[in-house]
Amino acid sequence: MYQIMTAGPTQVRENVRMARSLECTNPDLDPAFFDFYRETCQLLSEAVNTENKALILGGEGILGLEAACASLTEPGDRVLVIDNGVFGKGFADFVKIYGGTPVSFVSDYHRPVKLADLEAFLEKDSDFKYATVVHLDTPSGVINDVEEISKLLDRYHIMTVADSVAGLFGEKLDLSNSKIDILCGGSQKALSCPPGLTMLWVSDRAFAAMENRKTPIAAFYANILNFKDYYENQWFPYTMPISDIYGLRAALDNYFEMKDTIYERHARIAAATRAALQKGGLKLYLEDGFSNNATAVMVPEGITDQEILEGMRKDYNIMISGCFDVLAGVVVRIGHMGENAYEDKMEATLAALQGTLEKKKIPVACNMAEAFRSELK
Ligand SMILES: *Cc1c(COP(=O)(O)O)cnc(C)c1O
């Protein structure tokens with residue numbers, strides 16, 4: 001088994017794996033499971049400080065993004081796609097699939113979306129039903145201020161769909177200080193569960209928009225409205241993956257146990273990681289908007305991304321991420337979120353990266369593991 005230090009999925013703690021092996025009831029029929037599911041959803045709402053209803057859908061994080069677009073988009077709807085990263089751009093596809101017209105607001109991939117630029121755009125054109133935005137766009141690692149962005153959009157009567165699959169539980173998000181209508185999360189990033197679940201937080205306004213559609217939602221599995229009254233009706237639209245949800249609950253319990261220190265730990269490790277990489281002479285992809293959960297490093301000259309990944313796997317048993325789309329081959333990424341975000345794991349990762357580069361005769365200006373340690377102090 002490799003030590004996974006990827007930008008998701010992340011490492012899974014033993015108590016989460018154990019929870020997934022508990023004996024199962026029939027989740028369609030047992031009222032106790034409806035109570036358990038609801039309680040788990042209430043914890044999810046508490047985690048982001050909201051009264052909005054949380055839901056857990058059986059499907060990897062992408063399902064949540066698609067479900068948000070499927071449930072809100074009616075044929076002909078104009079949707080603003082805020083694009084300063086690969087996932088940001090990707091929302092346009094979901095909008096199109098469900099008959100909407102995506103209009104992109106493109107901004108520099110090396111930094112967060114600037115509110116003033118977005119406002120200038122909206123001054124000229126604000127006829128959108130909703131907008132999509134990514135909290136942490138993982139290919140670059142950029143973090144966007146989705147709380148403020150959603151408030152700005154709200155002033156123009158535009159609803160917000162925010163993808164925080166890679167942000168939540170490592171990057172603080174206060175939903176009550178935002179106008180986010182559908183927030184999307186996933187199990188396999190900073191929450192440190194295996195992949196398989198989507199979490200959604202849905203505002204009353206978003207539910208009302210779904211209920212007031214002129215045309216039916218063109219999906220079943222991705223229809224959020226099907227979940228709205230699951231508890232009152234004691235009915236789920238499909239059989240819930242009970243073992244996955246047991247695991248999610250254990251991970252949430254872990255989160256609540258650590259919640260007073262978890263964000264500070266992520267921030268500290270992220271800052272020391274960036275400092276160590278730069279002291280080593282490596283270049284970060286971003287100029288601004290560094291996230292606490294993942295760091296994208298430029299692939300230095302004289303080596304390829306694949307050589308870095310392979311070398312670290314083979315010689316050190318450590319796995320980090322490459323990238324895709326416009327960043328394929330340009331950066332490699334270290335995930336320092338959730339169970340990955342511990343000092344000894346990061347130190348080993350930096351040592352492995354250094355060894356791999358030096359083996360290919362790429363000079364590294366300092367001992368990055370040591371630099372990391374001294375930055376932490
Ligand atoms: C991981 C991730 C998702 C889920 O997508 P996969 O690529 O299938 O893992 C969605 N949005 C963001 C920003 C992510 O990092």
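Atoms within a ligand are numbered from 1 in the order they appear, just like the ligands themselves.
- Checking side-chain atoms of E147 against main-chain N and O of L175 turns up no donor-acceptor pair under 3.5 Å.
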- Task: Determine, stepwise, if the pair E66 / Y221 fulfils side-chain hydrogen bond (donor to acceptor under 3.5 Å, both in side chains).
- Result: CA-CA 10 Å; E66 177 157 358; Y221 210 78; over 6 Å; no
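- Side-chain contact, E123 with Y156: a donor N or O sits under 3.5 Å from an acceptor N or O.
- Considering backbone and side-chain atoms together, D163 places an N or O closer than 3.5 Å to an N or O of ligand 1.
- Taking a cut-off of under 4.0 Å to the non-hydrogen atoms of T138, the atoms of ligand 1 that pass are 12 (C), 13 (C), 14 (C), 15 (O).
- The contact set between ligand 1 and A166, taken as ligand atoms under 4.0 Å from a residue heavy atom, comprises 15 (O).
- A single hydrophobic cluster is seen to contain both L286 and V326, as judged by linkage of ILVMFWY side chains at heavy-atom distances under 4.5 Å, directly or through other members.
- If you check each of E60, K189, Q188 against atom 8 (O) of ligand 1, the one with the closest non-hydrogen atom is E60.
- Considering I245, L57, L191 in turn, I245 is the only one that fulfils the side-chain contact (heavy atoms from CB on, under 4.5 Å) rule with L197.
- Each of the atoms 13 (C) of ligand 1 lies under 4.0 Å from some heavy atom of L136.
- For atom 10 (C) of ligand 1, the nearest protein heavy atom (residue, atom name, distance) is F87 CE2, 3.4 Å.
- When atom types are taken as modelled, the side chain of D305 and the backbone of V299 share no donor-acceptor pair closer than 3.5 angstrom.
- Note on ligand 1: D137 sits outside its first shell, no heavy atom being nearer than 4.0 Å.
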